[in-house]
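Data first, discussion second: the structure below is written as structure tokens.
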2 protein chains.
Amino acid sequence: MEPIARRKTTKEIVYDQLKRSILSGELEPNETMTETSLAESLHISRTPVREAVGDLTKEGLLIQIPRKGFKVRRIDEDDMEQILYLRISIEMRSVKMLVDHITDEELEKLDALVDEQKVAIQNNDRIRYIELDQMLHRHLLKLSNQNILEQILQELYNLTRLIGHAAISKEGRMEEVIQEHRDIINALRERDEEKAADLMRHHLLTTASSVKKQREQLKNNNGNSDSIGGL
Amino acid sequence: MEPIARRKTTKEIVYDQLKRSILSGELEPNETMTETSLAESLHISRTPVREAVGDLTKEGLLIQIPRKGFKVRRIDEDDMEQILYLRISIEMRSVKMLVDHITDEELEKLDALVDEQKVAIQNNDRIRYIELDQMLHRHLLKLSNQNILEQILQELYNLTRLIGHAAISKEGRMEEVIQEHRDIINALRERDEEKAADLMRHHLLTTASSVKKQREQLKNNNGNSDSIGGL
DNA sequence: CTCACTTATACTGTATACATAATACAGTGC
DNA sequence: GCACTGTATTATGTATACAGTATAAGTGAG
């Protein structure tokens, strides 16, 4: 029999829910909350809330302000660039390492992820699109068997998403991403190490510059940059 | 006025103490503890212990085994290599960025750190030597104003130290390190970006290979690799 | 009306108590 | 002697209660 999935702890539920709210942009960096208030609104005790908030703070998604509570972290251009730099380092390495021993089966699984991503676009399901994007990038690390880098990438990826959904969805960009993903996978299929790594770098750079442009535009359109989790 | 250093919370004390024990090698990866037992031995409640342990687990220094407790994480060659790779990425970037705007004053402060490190060697104070090493590397990140990379480096550095003290202190290596540090600082002084970055890479690679050799030797000398937190 | 000082409020940190669930162990039946 | 089952133990997860302290609110004197 399949092992039964153990039921989630309250802390985990709070953690997941809070993280979703943060990453989806539902929770904005200006509003502050307290452990007590959040616990009350969820009708649970402070303990699991406190732990979940602590974890998210350690991950850099929240910041705690002494005596005031906590709120969503704000990411600036500088942070963005550092994150991008590291992601490029990590992900170029990951595809390079994969070239030699990735199997056809695994390549097909990657294809499947991209296919699903395409469906998500057609359904206009941005949440799912991003989720799949994350799965794809993460999966490459998992396949290349680099647990430590995988963990760090995970952190970086989450921070990336603090930029906000609005900034990600520049018109037509999602379709481009699909193509870039396909290109990377194909380069892996051709066992072309340099090409795969270059395409990955290109993909990340392009995404970043697209996000940057979109951000600037949003910033100009409404003076209040806060409303989209801006600069 | 300088802000008064607020007195440490119990959690922080536990965190620091536990971390010290882990990084100094005092606590070995075979012995397991529980929240309850640790709390009792410290004569405090489980709450701060639980939080400290949770944090250290998130940092990758401890691993929790369901229903059994927790213990110090074991680092293998693969992990080591990933850590090294990322450290090189981060620290090469940091010196490159520094070249342009580091001041003479800051350079002197770096010199001072190396001087102090030399003293530590003369006093045969390994703990202090390592502490200063960490301060130096971290300081470079701080000076280059890269908060996110600084935080990641901090995590990586801690993981590095899980290798254990014995492995670090290969005969004569500490003196070499001093020289390598000086070389890097001098390259910064000469505003030679490429040289500084190369020396940094060299420094990290050399350290890693030295550690690796030392580890293998220790492993051969006593069949029980556990005793030095080995492979 | 303003400033200093007191009082109140509320947020966090810690202790404690309890619930739940998994493991170890012992006892019983075969 | 072995397997199964029920019980005890123990580790974690969660709730609750309490203490300390920083900020805010309020109050009174000048």
Side-chain angles (χ1 to χ4, degrees), chain A residues 1-22 27-74, chain B residues 1-22 27-74:
Chain A
M1 289 250 299
E2 274 295 303
I4 224 71
R6 71 146 179 48
R7 98 161 206 275
K8 278 191 184 174
T9 63
T10 314
K11 166 190 166 176
E12 286 168 327
I13 296 170
V14 176
Y15 176 90
D16 290 344
Q17 199 163 321
L18 206 48
K19 193 167 181 173
R20 275 181 60 96
S21 300
I22 296 167
L27 222 60
E28 298 187 7
N30 33 5
E31 46 189 328
T32 111
M33 332 172 61
T34 71
E35 293 171 6
T36 315
S37 68
L38 183 53
E40 273 171 10
S41 77
L42 297 175
H43 301 286
I44 56 175
S45 82
R46 256 183 62 219
T47 312
V49 172
R50 181 176 167 79
E51 295 194 345
V53 169
D55 284 358
L56 290 167
T57 301
K58 245 183 135 39
E59 289 177 29
L61 292 181
L62 294 177
I63 51 172
Q64 287 179 296
I65 303 124
R67 298 259 136 207
K68 292 290 181 191
F70 56 90
K71 56 183 187 181
V72 177
R73 175 174 186 177
R74 214 176 276 275
Chain B
M1 287 249 298
E2 275 294 303
I4 261 336
R6 68 151 178 38
R7 99 160 205 276
K8 278 190 184 176
T9 63
T10 314
K11 165 189 166 177
E12 286 168 327
I13 296 169
V14 176
Y15 175 90
D16 289 344
Q17 199 164 321
L18 206 47
K19 193 166 183 176
R20 274 182 62 97
S21 301
I22 296 167
L27 223 60
E28 298 188 6
N30 33 7
E31 45 188 329
T32 109
M33 335 174 59
T34 70
E35 294 170 7
T36 315
S37 68
L38 183 54
E40 274 171 9
S41 78
L42 297 175
H43 301 286
I44 56 175
S45 81
R46 257 183 59 220
T47 312
V49 172
R50 182 176 167 79
E51 295 194 345
V53 169
D55 284 357
L56 290 166
T57 301
K58 248 187 130 44
E59 287 176 28
L61 292 181
L62 293 176
I63 52 173
Q64 287 180 296
I65 304 124
R67 296 260 135 206
K68 292 289 180 192
F70 55 89
K71 56 183 188 182
V72 177
R73 176 175 186 176
R74 212 177 278 275

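Just so we're on the same page: letters track the sequence lines, and every chain starts at 1.
Every pair passing side-chain hydrogen bond (donor to acceptor under 3.5 Å, both in side chains) that includes a residue from residues 52-65 of chain B is listed here, sequence neighbours excluded: A:Lys58-B:Glu59, A:Glu59-B:Lys58, B:Lys11-B:Asp55, B:Tyr15-B:Glu59. Each salt bridge (Lys or Arg N to Asp or Glu O under 4.0 Å) pair with one or both residues in residues 61-72 of chain B, not counting sequence neighbours, would appear here, but there are none. Among residues at least two apart or in separate chains, side-chain hydrogen bond (donor to acceptor under 3.5 Å, both in side chains) pairs with a member in residues 38-48 of chain B are B:Glu35-B:Arg46.
Under 4.0 angstrom from either OP1 or OP2 of D:dT14 there lies at least one side-chain N or O belonging to A:Thr10.
Evaluation of the side-chain contact (heavy atoms from CB on, under 4.5 Å) rule for B:Ile13 yields B:Lys8, B:Gln17 as partners, not counting sequence neighbours. Taking the side chain to side chain donor-acceptor pair (under 3.5 Å) definition, one finds that A:Thr10 meets it with nothing, sequence neighbours left out. Here B:Glu12 pairs with B:Arg6 under the salt bridge (charged side-chain N to carboxylate O under 4.0 Å, His left out) rule; sequence neighbours left out. Not counting sequence neighbours, A:Thr32 has no partner by the side chain to side chain donor-acceptor pair (under 3.5 Å) test.
The minimum heavy-atom distance linking B:Val53 with B:Phe70 is given by the pair CG2-CZ, 3.6 Å. Nearest heavy-atom pair, B:Leu18 versus B:Leu27, reported as atom, atom and distance to 0.1 Å: CD1-CD2, 4.3 Å.
Sorted by residue number, the members of residues 46-60 of chain B with any non-hydrogen atom under 4.0 Å from DNA chain D read B:Arg46, B:Arg50. Residues from residues 33-44 of chain A lying near DNA chain C, meaning a heavy-atom separation below 4.0 Å, are A:Thr34, A:Glu35, A:Thr36 in numerical order.
The CG atom of A:Leu56 sits 5.0 Å away from the CG atom of A:Leu62 when rounded to the nearest 0.5 Å. A distance of 8.5 Å separates CZ in B:Arg74 from CD1 in B:Ile63, rounded to the nearest 0.5 Å.
Contact annotation: the side chain of A:Val72 never approaches that of A:Leu61 to less than 4.5 Å [non-hydrogen atoms, C-beta and beyond].
Summary of helix geometry: the two end axes of the helix from C:dC1-D:dG30 to C:dC30-D:dG1, each defined by five base pairs via their C1' atoms, are inclined to each other by 10° (rounded to 10°).
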Which protein N or O atoms sit under 3.5 Å from an N or O of nucleotides 21-23 of chain D?
residue	atom	partner	partner atom	Å
D:dT21	O2	A:Arg67	NH1	2.8
D:dT21	O2	A:Arg67	NH2	3.2
D:dA22	O4'	A:Arg67	NE	3.4

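On the nucleic acid side, DNA chain C contacts chain A at distances under 4.0 Å to non-hydrogen atoms, with the end points of that region at C:dA10 to C:dA21.
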